[in-house]
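To start, the structure itself, in structure tokens.
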Amino acid sequence: MAPLAGAGAVLAGAAAVALLSAVLVLYELPLDAVLQRAFSLHKAHSIKDMENTLQLVRNIIPPQTSKKHKGQDGRIGVVGGCQEYTGAPYFAAISALKVGADLSHVFCTREAAPVVKSYSPELIVHPVLDSPGAVHHVEEWLPRLHVLVVGPGLGRDDTLLENVKGILEAAKARDIPVVIDADGLWLIAQHPALLQGYRKAVLTPNHVEFNRLSEAVLRDPGDGSDREAVQRLSQALGNVTVVRKGERDVISDGEQVLECAQEGSSRRCGGQGDLLSGALGVLVHWALLAGPEKTKGSSPLLLAAMGACSLTRQCSHQAFQKHGRSTTTTDMIAEVGPAFHRLFET
Ligand SMILES: NC(=O)C1=CN([C@@H]2O[C@H](COP(=O)(O)OP(=O)(O)OC[C@H]3O[C@@H](n4cnc5c(N)ncnc54)[C@H](OP(=O)(O)O)[C@@H]3O)[C@@H](O)[C@H]2O)[C@@H](O)CC1
Ligand SMILES: Nc1ncnc2c1ncn2[C@@H]1O[C@H](COP(=O)(O)OP(=O)(O)OP(=O)(O)O)[C@@H](O)[C@H]1O
Ligand SMILES: [Mg+2]
């Protein structure tokens, strides 16, 4: 079936090109030139969009003054970390701090906690996620948190996922923004209703996670462009913001579609998505706090997403220039400060 469908697509494509060529011959235009112009126009357009959006991202960054107290620039909670995966919640939580949050909490399983703590004295670590009182414990902290990042290193244990369902319901009840990544997206693919219509949610799927979500949420994921696919998923989820990571990151709130093509690197080591989700947590808080004067009518979550994607890719680019093939996510985290300065403060 698949080869036949593939052959059909090739024939249809060839027929379309032949038809276009015939029309162009009539008007004496070379096909190559027309296609090249169409693609470079699209490229130039999206680069301009990206620059305009980055200008708005600069607007949402809170000024650093001596009048603020600890916590004002962001108290972020990361829900994730189990026996197998301790790096992912660490990467997300430390990235949030390095971007500029004041406090970063990790809610993980009992076994993961001492490991995550030992990576960094800067993180506040709660060994609660596999306990019967997990939801209650996190709920007690929610009034003191600005954003939850749910999923890095969570794993797929049923008991943990059940607890995370309760945590998500509690966050929604308090109107707390949530960034959902990794195994958090696995949970949403099983229970899309959990986030249906929650406008303070951002999903950050990679290629595989995006396909899984689309299969689960859309009866017919279709075969349109990446942009259409992301927009359709967002719409089907009730305008939840979706960030599809990849060679270019595609971002949509169901109404607008943006692309981030910031130069990154060809290094694909694990953990880069975790950096992105932690950075996004902080930027979501800042964007929602900034208000319409600063965001000039743009969706705060789209701005936050564009900021986090650009920053992650810039970190990757800078780290790769120094370390080449041996670049790891730890090297990228060391670049968060300089990359942020370069993108948003110069
Ligand atoms: N240091 C740590 O603690 C880290 C922990 N992490 C944590 O791991 C957990 C599982 O997360 P995950 O992303 O590994 O997902 P999962 O569904 O098992 O997919 C894996 C398979 O999917 C494929 N694949 C992936 N991307 C693709 C692409 N772009 N294009 C095409 N294929 C692609 C690829 O398949 P393959 O190439 O082997 O066929 C790959 O093997 C989660 O909790 C996460 O947070 C990570 O954050 C990393 C750092
Ligand atoms: N082919 C690519 N070319 C350039 N950048 C890419 C490419 N694929 C992903 N990225 C970038 O890498 C970062 C992480 O995306 P990726 O798809 O690796 O996430 P992930 O699989 O969730 O990562 P993690 O290993 O943390 O789970 C994003 O900033 C994304 O823009
Ligand atoms: Mg990931």
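In listed order, ligands and their atoms are each counted from 1.
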Considering only non-hydrogen protein atoms, determine which one is nearest to atom 1 (N) of ligand 2 and report residue, atom name and distance to 0.1 Å.
-> E247 CA, 3.5 Å

Report whether L213 and V242 are members of the same hydrophobic cluster (ILVMFWY, side-chain heavy atoms less than 4.5 Å apart, transitive linking).
-> yes

For R156, does the CZ atom have more than 12 heavy-atom neighbours from other residues, nucleotides or ligands under 6.0 Å away?
-> yes

Counting heavy atoms only, which of R244, M332, K245 comes nearest to atom 19 (O) of ligand 2?
-> K245

The one among R313, H207, R268 that brings a heavy atom closest to atom 12 (O) of ligand 2 = R268

Look at atom 26 (O) of ligand 2 and say which protein heavy atom is nearest, naming residue and atom and giving the distance to 0.1 Å.
-> G273 N, 2.8 Å

Kindly check if the number of other-residue, nucleotide or ligand heavy atoms within 6.0 Å of NZ (K294) is above 12?
-> no

Whether E209 side chain and N206 backbone form a donor-acceptor pair below 3.5 Å = yes

When you look at NZ of K68, are more than 12 heavy atoms from neighbouring residues, nucleotides or ligands closer to it than 6.0 Å?
-> yes

Give the ring-plane orientation class for W141 versus H126, where under 30° counts as parallel, over 60° as perpendicular and anything between as tilted.
-> perpendicular

Protein heavy atom under 4.0 Å of atom 23 (O) of ligand 2 | yes

Is a side-chain donor or acceptor of N239 paired with a backbone partner of D253 at a separation under 3.5 angstrom?
-> yes

Determine whether more than 12 heavy atoms belonging to other residues, nucleotides or ligands lie under 6.0 Å from atom CZ of R268.
-> yes

Answer yes or no: is there a donor N or O on one side and an acceptor on the other, between the side chain of H146 and the main chain of I76, under 3.5 Å?
-> no

Which side chain to side chain donor-acceptor pair (under 3.5 Å) pairs, counting each pair once, include a residue from residues 336-346, with sequence neighbours left out?
-> H341-E345

Which atoms of ligand 2 sit under 4.0 Å from any heavy atom of G270?
-> 25 (O)

Does K165 use its side chain to pair, donor to acceptor, with the backbone of L194 at less than 3.5 Å?
-> no

If a pair satisfies side chain to side chain donor-acceptor pair (under 3.5 Å) and one of its residues is in residues 54-66, list it, with sequence neighbours excluded.
-> Q55-R58

Which atoms from ligand 2 have a heavy atom of T312 less than 4.0 Å away?
-> 29 (O)

Could you list each N/O atom of ligand 1 together with any protein N/O atom closer than 3.5 Å, one pair per line with the distance?
from: ligand 1; atom 1: 3 (O); to: G87; atom 2: N; distance (Å): 3.2
from: ligand 1; atom 1: 3 (O); to: A88; atom 2: N; distance (Å): 3.1
from: ligand 1; atom 1: 17 (O); to: R156; atom 2: NH2; distance (Å): 3.0
from: ligand 1; atom 1: 17 (O); to: R212; atom 2: NH2; distance (Å): 3.4
from: ligand 1; atom 1: 43 (O); to: G153; atom 2: N; distance (Å): 3.1
from: ligand 1; atom 1: 43 (O); to: D183; atom 2: OD2; distance (Å): 2.4
from: ligand 1; atom 1: 45 (O); to: G153; atom 2: N; distance (Å): 2.8
from: ligand 1; atom 1: 47 (O); to: D274; atom 2: OD1; distance (Å): 3.1
from: ligand 1; atom 1: 47 (O); to: D274; atom 2: OD2; distance (Å): 2.8

Any G246 heavy atom less than 4.0 Å to ligand 2 | yes

Ligand 2 atoms nearer than 4.0 angstrom to some heavy atom of Q272 are 12 (O), 13 (C), 14 (C), 26 (O)

Within a distance under 4.0 Å of any heavy atom of N206, pick out the atoms of ligand 2 and give their elements.
-> 17 (O), 19 (O), 20 (P), 21 (O), 22 (O)

Nearest-contact summary for atom 30 (C) of ligand 2 - protein heavy atom, Å = D249 OD1, 3.4 Å

Within-shell test, G271 vs ligand 2, heavy atom, strictly < 4.0 Å = yes

Give the other cluster members for Y85, using side-chain heavy-atom distances under 4.5 Å between Ile, Leu, Val, Met, Phe, Trp and Tyr residues; answer none if it is isolated.
-> none

Heavy-atom proximity to atom 27 (O) of ligand 2, best of L311, V243, D274 = D274

Quick one: which ligand 2 atoms are inside 4.0 Å of a heavy atom on L276?
-> 28 (C), 29 (O)

